[in-house]
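Scroll down for the structure; my scribbles are underneath it.
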Amino acid sequence: MKIGLTARQKEDQAAFRAFVNEEIVPHADRYDREECIPSELIAKLAQRGYLGAMLPEEYGGRGMDMITYGLLNEELGRGCSSVRGLVTVQSMIAQTILKWGSKHQKELWLNRMSSGDVIAAFALTEPDVGSDAKNIKTTVTLADDSYVLSGRKKWITFGQIADLFLVFGQCDGKPCAFLIEKDAPGLSMEPVYGMLGVRASMLAELHLNDCQIPRENLVGGVGFGFVPVALLALDLGRYSVAWGCVGIAQACLEACVQYAGEREQFGVYLKEHQLIQQMITDMIVNVKAARLLCCQAGYLKELGDPNSVLETLVAKYFSSTMATRAANDAVQIHGALGCSSAHAVQRYLRDAKIMEIIEGTTQIHQIKIAEYGYQGCIS
Amino acid sequence: MEKNKAKIRAFLAQHFQNHHLQDDEDIFANGFVNSLFAMRLVLFVESEFAIKIENEDLKIENFRTINALAHLVRRKTASLA
């Protein structure tokens, strides 16, 4: 057994790290303050192929394997969770279209998503429905050659700038998913501001008022055919978030190691104090453990192993709760500075908390992981 | 066909631990199957039998029983040959 990155993966990791250090880290606090990611950065992400990270070359993508894609999410998460979110959501929709989309949908959207000409968003959550996703209230009716959707979608990541939405609704009580363009008749968008964390994620609320779309915009099937469509996207989202959380905790660790070596109290540097050492040790160990869980999930995903679903839940659960603890300790180590907008650790804490809510809350993960355990999946 | 059925039965047995599934028994009927398991089932069929489940295969009839799953595998495998 050998656990290690390939030479190519190491090379890609170094390139991701350099890009994040140069293009994202110096500006991430500003993105957070301004609640916006500039279009110039999105263009740079596209130029690097990060918006079509896992898509095959025939669709203009980079064709990354699951581990490389994970490494990208870690590095982006280390710099700015909102930017990581953009790449994550784009990949969720792209991979869903790649796997379950029609030939026409693939040809229409995938190249444009890779190039960044089309930004996509995932529209499942509603004002009254979060974790209980089976009970979404958006209605879908079939009228001649069109579907007509009515309802509201809320907290839609990058909904403010998205050109394309993967929208979920219920048709005669059966769930289904559709690709809807931003200028579809009956679709309107309202920006959402003032969130606790990932503040540059440009959230929006969508209003679907008798929004009429062609029949061929259906992705997958109705009812059972919808399940793999929704879960492919959510599963990839969880995987990306898990890696992003490793990045947040790594950023906390790097900030704390640096600060503990610069700040003197009681005549010695903070790093000499054993209670500080305890927090740093927990961060080091937990970051390593989370990264290994992410690698395990990625390895199984690459194989198409059904257990990858469980391992992704485990990785997301551990990484997101660990990131919140690491960020909490990072603020503690930095004291008043850590509570001020002059330092990024307060952003890490706010962003980490969001990671425990998106793509399945911590509590939903606890329920699902226990269910798997009861089915004998505990080795 | 029987070999494939045995593999499918073994996989489903993880989920239906205290229940011996019949080959024609509807796995969705008793409410045991949740959406995460449905996704695992699709992944299992793809990885175990080296086939690709496509959009048009996503019908509940193809996944409802051990027999239906075995037929799906046979049909997909034949189309690869």
Side-chain angles (χ1 to χ4, degrees), chain A residues 96-106 132-134 168 174-177 216 218-236 238 300-313 360 364-365 367-379, chain B residues 4 6-21 25-69 71-73 75-77 79-80:
Chain A
T96 301
I97 296 174
L98 181 70
K99 174 67 183 169
W100 300 119
S102 65
K103 190 169 176 280
H104 173 68
Q105 288 166 349
K106 288 177 203 177
D132 188 13
K134 268 187 193 160
F168 296 84
K174 290 179 181 169
C176 40
E216 60 263 28
L218 176 72
V219 184
V222 175
F224 177 80
F226 148 93
V227 171
V229 175
L231 290 195
L232 183 148
L234 287 169
D235 183 60
L236 183 61
R238 280 186 203 111
L300 292 177
K301 276 186 186 309
E302 198 61 33
L303 297 178
D305 190 311
N307 286 331
S308 65
V309 179
L310 167 64
E311 296 304 331
T312 301
L313 286 166
I364 290 291
H365 277 71
I367 291 166
K368 295 292 170 199
I369 293 167
E371 268 176 24
Y372 272 106
Y374 299 153
Q375 288 166 18
C377 302
I378 47 176
S379 59
Chain B
N4 288 348
K7 287 178 181 173
I8 294 164
R9 209 176 287 123
F11 177 76
L12 292 173
Q14 293 173 32
H15 197 72
F16 296 84
Q17 280 179 334
N18 300 316
H19 178 81
H20 182 73
L21 265 181
E25 192 173 343
D26 186 342
I27 64 171
F28 296 101
N30 51 25
F32 281 156
V33 173
N34 60 19
S35 54
L36 279 177
F37 184 77
M39 187 183 173
R40 289 186 70 212
L41 184 57
V42 171
L43 287 172
F44 162 75
V45 170
E46 287 193 323
S47 62
E48 183 64 44
F49 302 105
I51 57 176
K52 205 172 163 192
I53 299 297
E54 287 158 305
N55 212 339
E56 55 270 23
D57 304 316
L58 284 181
K59 296 179 181 115
I60 198 162
E61 294 73 31
N62 287 328
F63 294 84
R64 203 185 280 283
T65 64
I66 292 171
N67 283 338
L69 283 158
H71 277 113
L72 173 69
V73 170
R75 181 167 58 79
K76 298 294 290 184
T77 313
S79 72
L80 289 174

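Throughout, a chain's letter reflects where its sequence line sits, starting with A, and its residues are numbered from 1. These numbers were taken from a predicted model, which means no experiment stands behind them.
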Requested in this report: Take B:Leu36 and A:Leu313 through the side-chain contact (heavy atoms from CB on, under 4.5 Å) test and state the conclusion after the steps.
Outcome: CA-CA 11 Å; B:Leu36 279 177; A:Leu313 286 166; 3.9 Å; yes
Query - From CD (B:Glu46) to CG (A:Asp305), nearest 0.5 Å - result: 12.5 Å
Query raised in the report: Could you state the interatomic distance from OH (A:Tyr374) to NE2 (B:His15), rounded to the nearest 0.5 Å?
Result: 14.5 Å
Report task. Let me know if A:Ser102 has heavy atoms under 4.5 Å from chain B in its side chain, its backbone, both or neither. Result -> backbone
Requested in this report: With rounding to the nearest 0.5 Å, note down the distance linking CD in B:Gln14 to CG in A:Asn307.
Outcome: 6.5 Å
Query raised in the report: What closest approach, in Å, do A:Ser308 and B:Leu43 show between heavy atoms, and which atom pair accounts for it?
Result: OG-CD1, 4.0 Å
Query - Whether B:Lys52 side chain and A:Lys99 backbone form a donor-acceptor pair below 3.5 Å - result: no
Query raised in the report: How are the rings of B:Phe28 and A:Phe224 set to each other: parallel, tilted or perpendicular (split at 30° and 60°)?
Result: perpendicular
Report task. Starting at CG of B:Asn55, measure out to CD of A:Gln105 and round the result to the nearest 0.5 Å. Result -> 7.5 Å
Query raised in the report: Can you say whether B:Glu54 sits under 4.5 Å from chain A via the side chain, the backbone, both, or neither, judging by heavy atoms?
Result: backbone
Query raised in the report: Which bit of A:Leu303 is near chain B, if near means a heavy-atom gap under 4.5 Å: side chain, backbone, both or neither?
Result: backbone
Query - CA sep, side-chain torsions, deciding dist, call: A:Trp100, B:Ile53, side-chain contact (heavy atoms from CB on, under 4.5 Å) - result: CA-CA 9 Å; A:Trp100 300 119; B:Ile53 299 297; 3.9 Å; yes
**Report entry** Heavy-atom pairs under 4.5 Å with chain B, option from A:Gly101, A:Gly220, A:Gly221 with the top count
**Finding:** A:Gly220
Query - Which atoms of B:Leu41 approach chain A - backbone, side chain, both or neither, heavy atom under 4.5 Å - result: neither
Requested in this report: Go through the steps for B:Ser35 and A:Val227 under the test side-chain contact (heavy atoms from CB on, under 4.5 Å), then give the verdict.
Outcome: CA-CA 6 Å; B:Ser35 54; A:Val227 171; 3.8 Å; yes
